[in-house]
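Contents: one structure, followed by commentary.
Naming convention: chains lettered A, B, ... in sequence-line order (proteins, then strands); numbering from 1 in each chain.
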Amino acid sequence: MKDAFGTPQSLLILGGTSEIALATARRLVARRTRTVWLAGRPSPALEAAAEQLRDLGADARTVAFDALDSESHEETLGKVFTEGDIDMVLLAFGVLGDQERDEDEPLSAVRVAQTNYTGAVSSGLVCANALKRQGHGSLVVLSSVAGERARRANFIYGSSKAGLDAFAQGLGDALHGSGVHVMVVRPGFVRSKMTAGMKEAPLATTPEAVAEAIEAGLRRRAETVWVPGALRLVMSALRHVPRPVFRKLPV
Amino acid sequence: MSADTVSVTGWGRTAPTTARLVRPRSYEEVADAVRACGARGGIARGLGRAYGDAAQNAGGSVLDMTSLDRIRAIDAEAGVVVCDAGVSLHRLMEVLLPLGWFVPVTPGTRYVTVGGAIGADIHGKNHHVSGSFSRHVAALDLLTADGTVHTVKRGEPLFDATAGGMGLTGVILSATVELLPVQTSLMSVDTERATDLDDLMARLTATDHRYRYSVAWIDLLARGAAMGRSVLTRGDHAPLDALPVRARRAPLTFRPGQLPAAPAFVPEGLLGKATVGLFNELWYRKAPRARRGELQKISTFFHPLDGVPHWNRIYGRSGFVQYQFVLGYGKEEALRRIVGRISQRGCPSFLAVLKRFGDGDPGWLSFPMPGWTLALDIPATMPGLGSFLDELDEEVAAADGRIYLAKDSRLRPELLGAMYPRLGQFRALREELDPRGVFTSDLSRRLSL
Ligand SMILES: NC(=O)c1ccc[n+]([C@@H]2O[C@H](COP(=O)([O-])OP(=O)(O)OC[C@H]3O[C@@H](n4cnc5c(N)ncnc54)[C@H](OP(=O)(O)O)[C@@H]3O)[C@@H](O)[C@H]2O)c1
C-alpha cells in the first residue's frame, strides 16, 4: 500500500532498463519500496538492473515484456498482478527513433509510433484495469514536452508522445473515483542513454531530477508534472506562438 | 442493504482508496456482508476518526457500522450500558449524562463509535488513572471470519487480541461498557502554564495523581529556552456543590456548542510556519498563568475540536499526518531529543498534546505503556516529512517506544515488531481464526499485520 505521502511499497516498471525509471526506483527503494518488477526485453542489462536494486535491499524480479507485442500484454502483465498488489506502475518504455531516417523509412517511423503509443495503449489499459480491481495504485506515465507541440525536428517521436499524453490524460479522467491515480510526467531534455551524443536543449535535466519530481508528484497526488517545473510556463508560452514563427524557432 | 463504490480515507485525508461501502442495519446484515466480502475481504468502519488507513480496504468491502446504533440496555443502578458497536460516544453522553453516568474513557472527539473505541483501544486524558477504553468493557459480541458470533469476555485471549486489534479479528457487534458516575455535566478545571519542557514534565510528574484528567498542550514551534512551553489543563467532573446555586437545579444537562463547519475547499499551504506560529503564540499568551476550579463544559474540556465540524479540511487536499508515539518512563532523554528535533525542524504543527500514561493495557496491540505520549499534526505536503518521521521512528524504537496504529499512515513495517512485542501472537491468532484473510484493511496490508 502507498503511505500518506504516496510512496509505494511495490513497483512495476514497464521498460525495466530505462535510466529515468531506474533512478526513480532507487529513490523509492530508499524510502518504502520493497518489491520491484522490471518488465522489459530480456537482456543482460535488464538482469543487471535487477541485481543493482537487490543490492539496495529490494526484492527485484524481471519479467519478459515487449511493448511492440500488444497481444501478449494481458498475459505477461496480468501474471505480475496475481503475485500481489502493485502500488505503482511506471510506464517508461519509449524510443526516440531517428527523425531523418524515419522520414525516409515509413516502417521504422511506424515502429516509433507503435512502441510509444500503441504499446502504451495496450499495456496501460491492462495495468489500469488491474489497478482498478485492487481499488488503489498510481499509474505514472513518462510523456514528454515533445508531445506538447510537435516540432519540425522530431515530430514523429513528438506525435507519438502527443498520442500517449492524450491517452494518459483521458485514462486518468476515466479512472477518477476508482482509487487509481494517473500521473502524466513531461520531462524536457533528460541526460540518459536515449539522448546520448545529442546536443543538449535548454533546461536539460537528469534522471535523478525526474525521479525527485515523481516522488513529489505522488505526494501531492498530482495529475501533471513538468521536469524541470519551469517548463510548464515555457511550454504554455510556446503553445501560443504562431505557426510561421514556431516553425523557425531553433528549439 | 445499500452499497456504493466510494473513495475512502481516514481523518487525515491521505492515501485514498476505493472500496464497496456497505451499510448493515442489523447483526444479520453484518453477517451477510461479511459472507459477501470476496477475495479482497472487508473491514468494519465507525465514524472514520482513525487518522490513517485503518478503516479503508482498497478493492474490497468497508462495513459502515454507524447504522447499527441501538442502545440495547442501560443499568442505571450499576452503571452499565449494552449497546451496538455503531453507537457513538456522543450519543452515549446524550443518553447517559442525564442519568448521572459518563463514558469511562473519551478521546479528543466524541465522534467515535464504541466498536472503533475498542478496535483502536483508545485512551483519554484519564489514562494515568483509568487505563484504556477496553479495560471498561466487560464483554463484547464478535462476528468472526467463519460467520459465527462469539461472546468474548474481558480477560480472554480473543478479547485481548480484539482490544486494539484494529478490527482484524472480526466485526464487533455490541459491547457491555462500564460507566463512571458523575454528579454534574460540568468539569472543574485547573490551568497552569509551563515555561519549557522540563518545567512541564516536572509539573506533570509531581501532581498528575491529584487529577482524574490531565493533559498538556505544547507549542512545538517554540525554540531555545521556550522549547516545550505548554499549558496544562487538568481536572475532574465537578461535584454538585461546586456549581452555582441556580445551576444545581439541572446539573446534568449536556449541551455541546457547534461552530460552522470548515469550508470544503481550502487552498494548499494555508497553514505555514508563520500562521501556525502566530496562532500558538497568541494561544500561549492568552492562557492564564494559573487558574483553579474553573467550570467548563464537557465539550470545551474534552472535545474542543468537535466544535468545528470537518476541521480536518483546513489542511487542504493533500491532508495531514498525525504523529503519536509513547516512550516509557526513564526515556525522558529521548523525549527531549525528539521534541528538540521537531522544534528545530519547524514543523508547522498546531498545538501538540503531551500526556502521561498509566499502566499498560492488556490488548496485544494496545498502544499505551507507562510513560510519555506526544501527538502532533503535520501537513502531509511538508517537504521531507516522510524521512523526517522515519528518523523519529528510529529514535522511538531504539528507546523501546511505539507508534499508535490508530493514527498511523506511514510507519515503516520493519519497525512494527520491535514496537509491539506481542505482534507474533496476534498474527498467529489471526492465522488460526481467519486463514483466508477475510478481515483485511489498507493498514493490515501496509504493515502486514
Ligand atoms: N531522455 C529524455 O530526454 C526524455 C525526455 C522526455 C521523455 N522521455 C521518456 O522517458 C522514458 C524513459 O526514457 P529514458 O531517458 O530513461 O531512456 P532509456 O534509458 O533509453 O529507456 C528507454 C526504455 O524503453 C525500453 N524500450 C524501448 N523499446 C521497447 C520495447 N519495444 N519493449 C519494451 N521496452 C522497450 C528500453 O528497453 P531496452 O533496454 O530493451 O531497449 C528502455 O528500457 C521514455 O518513454 C522517453 O520517451 C525521455
Notebook entry, point to check: Ring centres of Y420(B) and F367(B) under 6.0 Å apart?
Noted result: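 They do not qualify: ring centres at least 6.0 Å apart.
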Item checked: Close aromatic pair by centroid cut-off 6.0 Å: Y404(B) and Y323(B) ->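 No; Y323(B) has its ring centre 6.0 Å or more from that of Y404(B).
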Report which part of [X] has an atom under 4.5 Å of a heavy atom belonging to chain A: side chain, backbone, both, or neither.
X       : value
R40(B)  : side chain
S387(B) : both
E414(B) : side chain
L443(B) : neither
N57(B)  : neither

Margin query: Side chains of Q9(A) and T35(A) only: does a donor on one sit below 3.5 Å from an acceptor on the other?
Written below: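 Side-chain D/A pair, Q9(A) to T35(A): absent.
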Considering residues at least two apart in sequence or located in another chain, which fulfil the side chain to side chain contact (heavy atoms under 4.5 Å, CB included) criterion with [X]?
X      : result
A50(B) : A54(B)
D66(A) : R41(A), L68(A), D69(A)
A55(B) : R45(B)

Notebook entry, point to check: To the nearest 0.5 Å, how far apart are CD in Q52(A) and CZ in R26(A)?
Noted result: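 Atom-to-atom, Q52(A):CD and R26(A):CZ are 6.0 Å apart.
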Notebook entry, point to check: Under 4.5 Å, heavy atom to heavy atom, which residues of residues 8-20 of chain B contact chain A?
Noted result: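 Contacts with chain A: R13(B), T14(B), A15(B), P16(B), T17(B), T18(B).
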Notebook entry, point to check: Of the backbone (N, CA, C, O) and the side chain (C-beta and beyond), which part of R31(A) lies under 4.5 Å from a heavy atom of chain B, both, or neither?
Noted result: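 Its backbone and side chain both get close to chain B.
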Checklist line | Contact origin within D85(A) toward chain B - heavy atom pairs under 4.5 Å | finding: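 Looking at D85(A), just its side chain touches chain B.
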Next item on the list: Give a yes or no on whether E223(A) atom CD has more than 12 heavy-atom contacts from other residues, nucleotides or ligands under 6.0 Å away.
Entry: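 Count not over threshold, so no.
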Margin query: Apply ring-ring contact (aromatic ring centres under 6.0 Å, His included) to residues Y111(B) and W311(B) and explain how you reach the verdict.
Written below: CA-CA 13 Å; Y111(B) 298 104; W311(B) 64 263; over 10 Å; no
